[in-house]
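Step one of this worksheet: look at the structure below.
The basis for the numbers below is simple: all heavy atoms, side chains too, and nothing from hydrogens, waters or symmetry mates. Proteins come first, then strands; the chains are lettered A, B, ... in the order of their sequence lines, and each starts at number 1.
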2 protein chains.
Amino acid sequence: MRLITPPVGLTALADTDLVGQVARILTQAIINGQLLPGAKVVEAGIARELGISRAPVREAARLLEQQGLLVSHPRRGFFVRKLEATDIDEIYDLRICVECHAGVLASKNMTPANRDMLRRQIDVMHETAAIDDHARQIEEDYKFHRMICEIAGSKRLLRLFDDLASELRMTIGLIGRLYDDPHRIAQTHEALLEVLEQGHPDIITARIDYHIGAAWREVGKLVRELPSSTNGVAT
Amino acid sequence: MRLITPPVGLTALADTDLVGQVARILTQAIINGQLLPGAKVVEAGIARELGISRAPVREAARLLEQQGLLVSHPRRGFFVRKLEATDIDEIYDLRICVECHAGVLASKNMTPANRDMLRRQIDVMHETAAIDDHARQIEEDYKFHRMICEIAGSKRLLRLFDDLASELRMTIGLIGRLYDDPHRIAQTHEALLEVLEQGHPDIITARIDYHIGAAWREVGKLVRELPSSTNGVAT
DNA sequence: CAAGATTAAACTGTCGACAATCGACGATTA
DNA sequence: TAATCGTCGATTGTCGACAGTTTAATCTTG
């Protein structure tokens, strides 16, 4: 009599994981603008507010530090990262490098299922374009790009994208408006999908390079227009 | 009477930073093979051994987790990461992607000072080739590649390289021997430097792609030869 | 009144403790 | 005999506390 386990999939009972939750809450607070760039993140304050002790907060903060959302000054605490123009440039430069590669890999792994997934995401982007929620719009945009990294099939590649995206999310609060018509953005992704199906590495690379480069130029322009408190974390 | 701090000196004003020290110690232990892949890292044990409390150890472990050296199973603790063949592939694939990009950027920032720095490093590699210390040899190799990322001038690019390198260091213990003659490896880097000075993006990319690809193929072969305990962390 | 010195408050880094949970081992039962 | 259940030790997750340092506020003094 074998019959080892009731084969049915039980709903992955979730995270009692405190630090994970705290990390998510802090991340949200940063994206929402409740924690502004340069602001001090007081461990005891967060802990009290959440009704927990400082230990999980510290660990969560360390996570966000590694992720680039916070910076830590020894003996002084954690602060919300201030993205300078040069940071934006670095991030977009890396994005291009990484996503071009992801695109080429993804095109090799392209299956009907994958194609449909991407297609559906473009539909979602069009739907989102109707309502006026630019944060949501950006999020759906990221989701499409993330799918490409998923299809590429490299966990590290995907994590790298997630890290870059989470840094870029910090700019959502700063930039009040979208830099282009939502529908036009969605259309751009259709073209991108076509190229991916085509499967020509050079063309894919060129296309993604241009695609992200365009966003880079627009965001860069907006960021440079901001008062952009020079820097602030220096001594 | 002013005179607050004698401004001179600054011996690497480092670390009263416990978690940084712990992280380095653990990293070393993993590279040296004192902590074998799959081994459990008991917080209390490490803490007792170092004469400190568990808190800094935990935070250090979380750091190494984010860096990919440890994996954490909730409620079960931290374990030394087991690199599968697929992990090696992912890392080298990313290395190629990242370092090709770094090479192109670096070639644009190439100055006489930078050129000399790289040249000197190649000399060091030749010197190291004389003595028989393959760990040291690999380390000097990494140093050269790291310099390229430094010259590229992107902090994130550099950190990315450091993360990948630190994961790859885990394989040093596994692979007992070098996969090529040390002097030949050094020579390969001379050719690489030449191409960098030349400054042709396509050629740089092709060259670095081949250079790292060669290492990939060799390391991959060696790893696949190992008994390579299938996996082990799964349930 | 301003600049520096001094004191007070707040915060971080680290520690030791305790309950909850996990894995192993042995008892139990068909 | 083989598989399941219950118990026990070991380990993690979280907490509250304390000392040393940083920041803010207050006071001194030219």
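Relative orientation of the A/His145 and A/Phe161 rings is parallel, given thresholds of 30° and 60° on the angle between their planes.
When rounded to the nearest whole Å, the span between CD1 of A/Ile46 and C1' of C/dT12 equals 14 Å.
For the atom pair CG (B/Leu222) and OG1 (B/Thr171), the distance works out to 9.5 Å, reported to the nearest 0.5 Å.
Contacts classified as side-chain hydrogen bond (donor to acceptor under 3.5 Å, both in side chains) and involving residues 26-38 of chain B (residues at least two apart or in different chains) are given here: B/Gln28-B/Asn32.
For the side-chain hydrogen bond (donor to acceptor under 3.5 Å, both in side chains) test, no residue two or more places apart in sequence or in another chain qualifies with B/Thr128.
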Next item on the list: Kindly determine whether A/Glu167 and A/Gln67 satisfy side-chain hydrogen bond (donor to acceptor under 3.5 Å, both in side chains), including the steps that lead there.
Entry: CA-CA 8 Å; A/Glu167 279 200 83; A/Gln67 242 185 342; over 6 Å; no
Notebook entry, point to check: How does protein contact run along nucleotides 10-15 of chain D, one letter per nucleotide 5' to 3', with B for base contact, S for sugar-phosphate only, - for none, heavy atoms under 4.0 Å?
Noted result: -SBBBB
